[in-house]
Amino acid sequence: VQLQASGGGLVQAGDSLRLSCAASGFTFSSYGMGWFRQAPGKEREFVATISRDGTATHYVDSVKDRFIIFRDNAKNTVNLQMNSLKPEDTANYYCAAANLLAAWEVASTRQRYNYWGQGTQVTVSS
């Protein structure tokens, strides 16, 4: 199983970034997917999740209306479009896969996730 996150970088406040996560080694379309982030000295926190069929999404309040999660089951990828970035978005971003029962189900807690990627760093300067 491999989850390869990419797309991080150093940007200015107000800029946009798109993170991508390429999955392999498991049946991608059978898993809900999520993005989490961890800033230095802080616990890893939930950012966004999408159901395995792509019909349902859920976001942490701090990124609603700025971030969009979407997936392509044909390409085994999940993406996080991040707009209007703020310095407080600075963190290492991780993608993760959750083996959920229902096609429309989403998960926002770390414990629900079975597989994790290695993370990609996002730094937003003010």
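Position 1 is the first residue of the sequence, and the numbers go up from there. This one's a predicted model, so the numbers in the text were calculated from it and none came from an experiment.
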Would [X] and [Y] show up in the same hydrophobic cluster when neighbours are defined by side-chain heavy atoms closer than 4.5 Å?
X: Leu17; Y: Ile50; value: yes
X: Tyr59; Y: Leu19; value: yes
X: Trp104; Y: Phe70; value: no
X: Tyr115; Y: Val106; value: no

Inter-residue atom distance [X].[atom1] - [Y].[atom2], 0.5 Å rounding:
X: Cys21; Y: Gln118; atom1: SG; atom2: CD; result: 8.0 Å
X: Arg71; Y: Leu80; atom1: CZ; atom2: CG; result: 13.5 Å
X: Thr123; Y: Asn92; atom1: OG1; atom2: CG; result: 9.0 Å
X: Ser126; Y: Gln12; atom1: OG; atom2: CD; result: 9.0 Å

Heavy-atom pair of closest approach, residues [X] and [Y]:
X: Thr57; Y: Ile69; answer: CG2-CG2, 3.7 Å
X: Ala97; Y: Leu3; answer: N-CD1, 4.0 Å
X: Ala39; Y: Ala91; answer: N-CB, 3.9 Å
X: His58; Y: Ser108; answer: CD2-CB, 4.1 Å
X: Cys95; Y: Ala5; answer: SG-CB, 4.3 Å
X: Thr120; Y: Gly7; answer: OG1-N, 4.0 Å

_Could you work out, with salt bridge (charged side-chain N to carboxylate O under 4.0 Å, His left out) as the rule, every residue matching Glu88, not counting sequence neighbours?_
none
*Neighbour count >12 (heavy atoms, 6.0 Å) for atom NZ, Lys64*: yes
Measure from the side-chain N and O atoms of [X] to the backbone N and O of [Y], and report whether any donor-acceptor pair falls under 3.5 Å.
X: Ser51; Y: Gly32; answer: no
X: Thr90; Y: Val124; answer: yes
X: Tyr113; Y: Ala107; answer: yes

*If you draw the axis of the six-membered ring of Phe36, does the NZ or CZ of Arg110 fall within 45° of it and under 6.0 Å from the ring centre?*
no
*asked:* Ring of Phe46, cation from Arg112 - is the NZ or CZ under 6.0 Å from the centre and inside 45° of the axis?
replied: no
*Of all residues at least two apart in sequence or in a different chain, which pass the side chain to side chain donor-acceptor pair (under 3.5 Å) check with Asn114?*
none
Side chain to side chain, [X] and [Y], heavy atoms closer than 4.5 Å:
X: Phe28; Y: Met33; result: yes
X: Phe67; Y: Val60; result: no
X: Thr27; Y: Ser29; result: yes
X: Arg37; Y: Glu45; result: yes

*Apply side-chain hydrogen bond (donor to acceptor under 3.5 Å, both in side chains) to Tyr31 and Arg52, showing your working.*
CA-CA 5 Å; Tyr31 282 71; Arg52 67 184 196 220; over 6 Å; no
*Side chains of Gln81 and Asn79: is there a donor and an acceptor less than 3.5 Å apart?*
no
*Check the pair Met82 / Val122 against side-chain contact (heavy atoms from CB on, under 4.5 Å), numbers first and verdict last.*
CA-CA 10 Å; Met82 306 187 295; Val122 173; 3.8 Å; yes
_Whether Tyr94 and Trp116 hold their rings parallel, tilted or perpendicular, with breakpoints at 30° and 60°_ =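 Tyr94 and Trp116: perpendicular rings.
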